[in-house]
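Lettering of chains follows the sequences in order, A, B, ..., and the numbering in each one begins at 1. Values below: all heavy atoms of this structure, side chains included; hydrogens, waters and symmetry mates excluded.
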Protein chains: 2
Amino acid sequence: MSRRSGILEFAVLGLLRESPMHGYELRKRLNTSLGVFRAFSYGSLYPCLKTLVANGWLTEEPGNTAEDALSAPLAGRRAKIVYRLTADGKEHFEELLAQTGPDAYEDETFAARFAFFGQTSRDVRMRVLEGRRSRLEERLEKMRASLARTRERLDDYTLELQRHGMESVEREVRWLNELIESERVGRDQRRPGPPAPERQDATETSGGRTAHRGESSRPDPSEDTAT
Amino acid sequence: MSRRSGILEFAVLGLLRESPMHGYELRKRLNTSLGVFRAFSYGSLYPCLKTLVANGWLTEEPGNTAEDALSAPLAGRRAKIVYRLTADGKEHFEELLAQTGPDAYEDETFAARFAFFGQTSRDVRMRVLEGRRSRLEERLEKMRASLARTRERLDDYTLELQRHGMESVEREVRWLNELIESERVGRDQRRPGPPAPERQDATETSGGRTAHRGESSRPDPSEDTAT
DNA sequence: ACACCCATGTAAGGTGTTACATGATTAG
DNA sequence: CTAATCATGTAACACCTTACATGGGTGT
């Protein structure tokens, strides 16, 4: 009820796919790896985790994360919760990644999906990149039309803002073209290894390792209380 | 209370400064002139107008807009409301435009202010442009630092996303540099204006927020029921 | 002793959207 | 006369943030 998210839910599933984590750690990763385009607070994260559990996509186990697991016997310890992706959750995540549909190519939705490209097949990647591109081209056309209609009524600054906006979009289109070309040519995105033979798992093409994701970005990626 | 906005309130005041309008027309202007970076629905606009009136920044008068004012004597006509900026509203708007302070240089806040640059002094424009630039430079430094910390743990796609994000920011910084230079040189923005240093050639500066973040974002800035 | 990161949560509120409800005016 | 566009609003709900409340662990 009520507290589903879109992007947050998706990102949580994606991060947990790599390894189980505490909410706390999840939030840090969200605001670093993915923080290029978005930041989240506990006030949205914890409630979101609850509903993901309720949906059967995650399990919550008391305890510590692998590293310090063997130490103290968590007897009277404070409630620490490790979230882990279930098989259903995995499946759900993959569906989300592969989703087509109009909302799938908006700015943030696209960026979120792109960040997890390492976990899909080339087919899906191509589809998403092309979907994003045509979304942007639509946008450009509308901007051009509207600019043509109203150019003379606008002052120089408004005009400059629109020009700049359009150039930004055009630039992203060029970026997408490059990425699409790379995919077509077959540049293997997947780090060091050989082509990564498909796993036994049915829908799963991603294979092995996606390493860890990193950090970067937002106003203050280092910690929350800031800027 | 409750229904104040930030950016919406600001944009409404700015548009009404030019001329009185109906809510309906306001919304259209919001989604075209300013639509480059943001779109709004009636569900937020009308409530916002109410509170602006309550604050004494607008007046509402029944009737039509100047053009068709002289026709029908609005006898049993439907409630049509013309909103007009008061002196207080004007003052308030100018304060908002000139505001310094940490929130003043975020993506959307800045874009909104920029769109109304034609209504301020060069001093304010310079201050805002420089504020935005240092905001972005902060951001870049953090992104670089965090990237340096974690580069090896990232997969190619996440890395590419971050690289592209940083380039977008760098591009906006270059754009700001040009604008600041233009202001310094004294290119007069207001109205017909002389040259405004050509830029469409080679270097192709510009660019900015793009990719992630809002820009135009909304499916259909031209009209509502669409896409 | 104190500070500071770890860690989990909730309540209230801000800021918006969608879908609905209503009706006038204009153009084909 | 019918469709589109003009025009105003409300109710429900989505999604997030801030500020609060609570407490454990580690380093100086």
> What residues, two or more places apart in sequence or in another chain, satisfy side chain to side chain donor-acceptor pair (under 3.5 Å) together with A/E61?
Replying inline: A/R84
> Once you round it to whole Å, what is the distance between P of C/dA24 and NE2 of B/H22?
Replying inline: 16 Å
>> Whether B/S44 contacts C/dT17 is assessed here as follows: a side-chain N or O lying under 4.0 Å from the phosphate OP1 or OP2. Is that the case?
In response: yes
> Going by an N to O cut-off under 4.0 Å, is there a salt bridge joining B/E172 and B/R139?
Replying inline: no
> Sequence neighbours excluded, which residues qualify as side chain to side chain contact (heavy atoms under 4.5 Å, CB included) partners of A/E141?
Replying inline: none
> Would one find a side-chain N or O of A/R27 under 4.0 angstrom from OP1 or OP2 of C/dC6?
Replying inline: no
> Can you tell me if the side-chain N/O atoms of A/S41 get under 4.0 Å from OP1 or OP2 in D/dC16?
Replying inline: no
> Please give, in whole Å, the distance from C/dT22 P to B/K80 NZ?
Replying inline: 21 Å
>> Taking only side-chain N and O atoms of A/Y46, does any of them lie within less than 4.0 angstrom of OP1 or OP2 on C/dT8?
In response: yes
>> Using a heavy-atom cut-off of 4.0 Å across all strands, would you classify B/G23 as base, sugar-phosphate, or nothing?
In response: sugar-phosphate
> Looking at A/E106 and A/R132, what are the two nearest heavy atoms and their distance?
Replying inline: C-NH1, 3.4 Å
> A/E108 CD to D/dA14 C1': how many Å, rounded?
Replying inline: 14 Å
>> For D/dT8 and B/K50 - does any side-chain N or O of the residue sit under 4.0 Å from the phosphate oxygens OP1/OP2?
In response: no
> Looking only at side-chain N and O atoms, does A/K28 come under 4.0 Å of OP1 or OP2 in C/dA7?
Replying inline: no
> Please give, in whole Å, the distance from D/dC6 C1' to B/L45 CG?
Replying inline: 14 Å
>> Nearest to the B/Y24 side chain among C/dG9, D/dC16, D/dA7, which nucleotide is it?
In response: D/dA7
> How many Å lie between OH on B/Y83 and C1' on D/dA7, as a whole number?
Replying inline: 11 Å
> Are the charged groups of B/K28 and B/E25 less than 4.0 angstrom apart, N to O?
Replying inline: no
>> Quick check for you: among C/dA7, D/dT8, C/dG9, whose closest atom lies nearest to any side-chain atom of A/I81?
In response: C/dG9
>> Using whole Å, what does the distance between atom P of nucleotide D/dC16 and atom CD1 of A/I7 come to?
In response: 8 Å
> Rounded to whole angstrom units, what separation is found between the CG atom of A/D103 and the P atom of D/dC15?
Replying inline: 11 Å
> Within this structure, what is the CD-to-P distance between A/E25 and C/dC6, rounded to whole angstrom?
Replying inline: 10 Å
